[in-house]
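Everything below concerns the one structure shown next.
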Amino acid sequence: MPAPEILPRKFYARSTVEVAKDLLGKELVHGETAGIIVETEAYPGGDDLASHSARGLTDRTRVIFGPPGHVYVYLIYGIYQCLNIVAEPAGHPGCVLIRAIEPTRGIEIMQERRPAAKRKEALANGPGKLTLAFGITRTFYGSDVTKGPLLVQRRAKETPFKIQTTPRIGITHCAERPLRFLIEGNPFVSRG
DNA sequence: GGTAGGATGGGCT
DNA sequence: GCCCATCCTACCC
């Protein structure tokens, strides 16, 4: 059985949609906490006005235009933070929003960080919830998921699954585009 | 089972 | 000043 392997940078240097789909089933690790990515959304930039990078390079969006495999975290509604991983070759914008995670390790720590979650399915079943459960803040902005402290690994034993595709959640621009991907039937997604 | 409303701060016009 | 890639609580079936 192969050992867990950190995904190499070239994994992320592909189209945003491919990276978003392929991140499903991979494991996100931060310290004692870990879990399987079960829901993502693609924000490819360019003509996709829902993407933060669509309006150009600013202090906030700089990392999205840089080399792939880096972390884009931003504050939403003044309270929550959302975790993205940069895709596409350097110079081309694109990032993947991590929307839901199935916890595998450090579940007690997550329960302490997320007292509002009454069931383990609700610990990380939303973009704001998973950053709380995993202790991810804006200080992670620009960090490298091939080096840490936040890591993405291939699992030692991957279980097969089907990918379900839907429109993205909570946006107004380009709301019809099918750029949300989730593991079909998984109870840890933000919504079926 | 469902949803309306409020919390709260940074980025952009 | 307005707009958010959200979540929780209260309240109503």
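Numbers restart at 1 for each chain; the letters A, B, ... are given by sequence-line order, proteins then strands. Nothing here was measured: the structure is a model prediction, and the numbers come from that model.
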ask   = Hey, does the Lys NZ or Arg CZ of A:Arg14 hover above the aromatic six-ring of A:Tyr12, less than 6.0 Å from the centre and inside 45° of the axis?
value = no

request  = Measure from NZ or CZ of A:Arg62 to the centre of the six-membered ring of A:Tyr72 and say whether it is under 6.0 Å with the direction within 45° of the ring axis.
outcome  =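 So A:Arg62 doesn't make the cation-pi contact.
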
Whole Å only: how far is the [atom1] atom of [X] from the [atom2] atom of [N]?
{"X": "A:Leu83", "N": "C:dT6", "atom1": "CG", "atom2": "P", "answer": "14 Å"}
{"X": "A:Tyr80", "N": "C:dC7", "atom1": "OH", "atom2": "P", "answer": "7 Å"}
{"X": "A:Arg191", "N": "C:dC8", "atom1": "CZ", "atom2": "P", "answer": "13 Å"}
{"X": "A:His173", "N": "C:dC2", "atom1": "NE2", "atom2": "P", "answer": "17 Å"}
{"X": "A:Leu123", "N": "C:dC7", "atom1": "CG", "atom2": "C1'", "answer": "14 Å"}
{"X": "A:Arg168", "N": "C:dA5", "atom1": "CZ", "atom2": "C1'", "answer": "8 Å"}
{"X": "A:Phe181", "N": "C:dA5", "atom1": "CZ", "atom2": "C1'", "answer": "15 Å"}

ask   = If we ignore angles and hydrogens, is there a donor and acceptor under 3.5 Å between the side chains of A:Glu88 and A:Ser15?
value = no

task = Flag as yes if A:Tyr43 stacks onto the base of C:dA5 (centroids under 5.5 Å, planes under 30°), otherwise no.
result = yes

key: Watson-Crick/G-U partner (both atom distances under 3.5 Å) of C:dA5   =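 When the pairing criteria are applied, nothing turns out to pair with C:dA5, so the answer is none.
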
query = Whom does B:dT8 pair with, Watson-Crick or G-U wobble, provided both distances fall under 3.5 Å?
reply =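 Here B:dT8 is not engaged in any pair, so there is no nucleotide opposite it.
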
ask   = What's the shortest heavy-atom distance between A:Pro127 and A:Cys82, and which atoms?
value =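 Shortest heavy-atom contact: CB-SG, 3.9 Å.
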
ask   = Taking all non-hydrogen atoms of both residues, which atom of A:Ile171 and which atom of A:Ala50 are closest, and how far apart?
value =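 Here A:Ile171 and A:Ala50 meet closest at CD1-CB, 3.9 Å.
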
key: Side-chain heavy-atom pair A:Met110, A:Phe134 within 4.5 angstrom cut-off   =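 Result yes, sub-4.5 Å side-chain heavy-atom pair found.
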
ask   = So, is A:Lys129 near the phosphate of C:dC8, with a side-chain N or O under 4.0 Å from OP1 or OP2?
value = yes

message = Please confirm whether the shortest side-chain N or O distance from A:Arg99 to OP1 or OP2 of C:dT6 is below 4.0 Å.
response = yes

Comparing A:Asn125 and A:Thr172 on DNA chain C - which has the more 5′ nearest nucleotide = A:Thr172

task = Please work out if A:Ala116 contacts a base, only the sugar-phosphate, or nothing of the nucleic acid, heavy-atom cut-off 4.0 Å.
result =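 Contact class for A:Ala116: sugar-phosphate only.
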
inquiry  = Between A:Ser53 and A:Ser51, is the side-chain hydrogen bond (donor to acceptor under 3.5 Å, both in side chains) condition met? List the steps.
reply    = CA-CA 5 Å; A:Ser53 57; A:Ser51 294; 4.7 Å; no

ask   = Which letters describe nucleotides 8-13 of chain B, given B = protein heavy atom under 4.0 Å from base, S = only from sugar-phosphate, - = neither?
value = BBSSS-

